[in-house]
Amino acid sequence: MHFSYLATTALVSRALAAPPKWNTPTLQHWLYSSQVDEQSLDLLDRPDIVGIQALYSWRSLEPAESHYNFTVIKNDYDKVMAKGKKFWIQLQDRTFSAGNDPVPKYMHTPYYNNGSAPSCDGDSCDTDFEVTGWVAQQWNLRVRQRYQALLSALAKDFDGKITGLNLAETSIAVDEDANNYTNEGYFLGELENAGHAARVFKRSYAVQYVNFWPDGWNNTNNRFEDSFNYYAKHGVGVGGPDLIPNKPGQEANSYVYIPKFHGTVPIAVVAVQEKDLEEINQETGQPFTKDEFVDFAVNELHVDIIFWALATPWLQSS
Ligand SMILES: *[C@@H]1O[C@H](CO)[C@@H](O)[C@H](O)[C@H]1NC(C)=O
Ligand SMILES: *[C@@H]1O[C@H](CO)[C@@H](O)[C@H](O)[C@H]1NC(C)=O
Ligand SMILES: *[C@@H]1O[C@H](CO)[C@@H](O)[C@H](O)[C@H]1NC(C)=O
Ligand SMILES: *[C@@H]1O[C@H](CO)[C@@H](O)[C@H](O)[C@H]1NC(C)=O
């Protein structure tokens, strides 16, 4: 999610104060892709790439209630193993397109209240709520039970095989007066799902992408402290979809807590997604370079893995 914070305040520039020290032995470079295709498999041959994080929607994995089909994951997993590389699953319970529903078809009944709710992405959702996608109603117990059943089924097949699985970002904008939504219900539901993921994945990492909370700007309602304490207590790793050095919106939110909880949560990861590649470094007037991304990820956020979009410029050259 790309939260363009309306930055009128001066940027806090730290990244370039010291020379980059990005050759930290612990940082791993991975690919991030919506699918394991020919391009990503080719890039996996690079010796500097450890593995791939691939995306799967809930809907695609549960064609009928309690009937799971993990064939695509299994095939992707086999291809990646054949290259001697590692595999990571991002489980999507939300979409960023209005025509795409993330929840299984069978949920479209009153019993599940249709399972998903229309959502808005961007910085003007408060004033101009435009439907740009859908999110699973994780504040609804019936929906959550089905989601946790999916996590259990995934763990049965993939725990200890994959390096990790992450749940989608916590950022959300829905009609707060519809579908019995409450901020508290959503917050607690998200925590419960993450705790469940960590309980069933005993040998692979379970990670929550935690970037923003709907009523938690700058730790309002103690959302960040409470969630990170929960993750530490329940063995949930943390991370986020957007590595954007010194971005004010992120700096007022998750970027405070990711380093603060370094060593108390099992792992921290961050992705450089396609849109992040377009972000401009205010100091140089240019898009961020690999060194600038890595320096910030290592020295400011203290993350263990960066997941790079396939379009990343430095991946195009050997
Ligand atoms: C599972 O999914 C695969 C790939 O989409 C498909 O070919 C296969 O027919 C599905 N299996 C079942 C039992 O539906
Ligand atoms: C919403 O909450 C009311 C009151 O608790 C309950 O009767 C109703 O079934 C709920 N609806 C949904 C869709 O969860
Ligand atoms: C559920 O979906 C049906 C059919 O698409 C629609 O008519 C109904 O209004 C939806 N219910 C809710 C609560 O959104
Ligand atoms: C966040 O809140 C604290 C007080 O709780 C305040 O001192 C600080 O300036 C705020 N930071 C931002 C970036 O809004």
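Numbering of ligands and ligand atoms starts at 1, following listing order. All values below were derived from every heavy atom in this structure, side-chain atoms included, with hydrogens, water molecules and symmetry-related copies excluded.
Atoms of ligand 1 lying under 4.0 Å from any heavy atom of N69, numbered from 1 in the order shown and given with element: 1 (C), 2 (O), 3 (C), 8 (C), 10 (C), 11 (N), 12 (C), 14 (O). The N218 neighbourhood of ligand 4 comprises atoms 1 (C), 2 (O), 3 (C), 8 (C), 10 (C), 11 (N), 12 (C), 14 (O), with distances under 4.0 Å to a heavy atom of that residue. Each of the following atoms of ligand 4 lies closer than 4.0 Å to a heavy atom of A252: 13 (C).
For atom 2 (O) of ligand 1, a protein non-hydrogen atom is found at a distance below 4.0 Å. Atom 9 (O) of ligand 1 lies below 4.0 Å from none of the non-hydrogen atoms of the protein.
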Could you walk me through whether F87 and K79 satisfy the side chain to side chain contact (heavy atoms under 4.5 Å, CB included) test, starting with their C-alpha distance in whole Å, then the side-chain angles of each, then the deciding distance to 0.1 Å, before giving a yes or no? CA-CA 10 Å; F87 194 68; K79 288 178 199 159; over 6 Å; no

Any chance you could lay out the side chain to side chain contact (heavy atoms under 4.5 Å, CB included) test for D45 and K83, step after step, and finish with the verdict? CA-CA 7 Å; D45 286 331; K83 299 231 174 226; 3.1 Å; yes

Checking side chain to side chain contact (heavy atoms under 4.5 Å, CB included) for the pair E192/Q138: CA distance, chi angles, key distance, verdict? CA-CA 10 Å; E192 189 190 283; Q138 300 292 10; over 6 Å; no

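With hydrogens left out, the protein atom closest to atom 5 (O) of ligand 1 is V72 CG2, 4.1 Å, a heavy atom. Nearest protein neighbour of atom 11 (N) of ligand 3, counting heavy atoms only, is N114 ND2, 2.9 Å. Nearest non-hydrogen protein atom to atom 13 (C) of ligand 3 is N113 OD1, 3.1 Å.
Stacking of R223 on the aromatic ring of F187 is recorded, both the 6.0 Å distance cut-off and the 45° axial limit being met.
One hydrophobic cluster, built from ILVMFWY side chains closer than 4.5 Å, holds both V256 and I244.
Each of V200, V143, N193 was scored for a side chain to side chain contact (heavy atoms under 4.5 Å, CB included) with Q148, with one residue passing: N193.
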